[in-house]
Amino acid sequence: DVQLQASGGGFVQAGGSLRLSCAASGFPFDDYAIGWFRQAPGKEREGVSCISRTDGSTYYADSVKGRFTISSDNAKNTVYLQMNSLKPEDTAVYYCAADVYGGSCPIREYDYWGQGTQVTVSS
């Protein structure tokens, strides 16, 4: 079965950086896409970024463009989200999700979700 494990969250001051990891396993196909989402208390879940193993396409929400970078280490089956210049409004639980059928980012609908990792950015 597909398994996703998000990690790397923590506490950081505004302007700092964190790198989140999404370790994936059990994918039935070579082509797939991984997306990062976040949800803050009292707010709806929002898509943050996406990377496709199908064609290498990426996607970033306007709120994180220029600050976050998504990348993939295919040998380790791990997708990373490098988060720089963090702001208090970035505070949320961050989830990674998988579309096992792949395609170009952004992905309309994801098939599997991980548990998430907490990111807290203080002023």
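Note that the coordinates shown come from a computational prediction; the quantities given were computed from them, not determined experimentally.
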Summary of salt bridge (charged side-chain N to carboxylate O under 4.0 Å, His left out) pairs that have at least one residue in residues 103-115, sequence neighbours excluded: none
Partner set under side-chain hydrogen bond (donor to acceptor under 3.5 Å, both in side chains) for S85, not counting sequence neighbours: none
side-chain hydrogen bond (donor to acceptor under 3.5 Å, both in side chains) against N74, all qualifying residues, sequence neighbours excluded: S72
For K43, salt bridge (Lys or Arg N to Asp or Glu O under 4.0 Å) partners two or more places apart: none
Qualifying residues under ring pair (Phe, Tyr, Trp, His ring centres under 6.0 Å), relative to Y32, sequence neighbours excluded: F27
side-chain hydrogen bond (donor to acceptor under 3.5 Å, both in side chains) against S71, all qualifying residues, sequence neighbours excluded: none
Qualifying side-chain hydrogen bond (donor to acceptor under 3.5 Å, both in side chains) pairs with a residue from residues 6-29, counting only residues at least two apart or across chains: S17-N84
Non-neighbouring partners of F68 that pass ring pair (Phe, Tyr, Trp, His ring centres under 6.0 Å), sequence neighbours left out: none
Listed partners of D30 passing salt bridge (Lys or Arg N to Asp or Glu O under 4.0 Å), at least two apart: none
Ring pair (Phe, Tyr, Trp, His ring centres under 6.0 Å) against Y101, all qualifying residues, sequence neighbours excluded: F29
Pairs flagged by side-chain hydrogen bond (donor to acceptor under 3.5 Å, both in side chains) wherever residues 90-99 is involved - sequence neighbours left out: R38-D90, R38-Y94, R67-D90
Listed partners of Y59 passing ring pair (Phe, Tyr, Trp, His ring centres under 6.0 Å), at least two apart: none
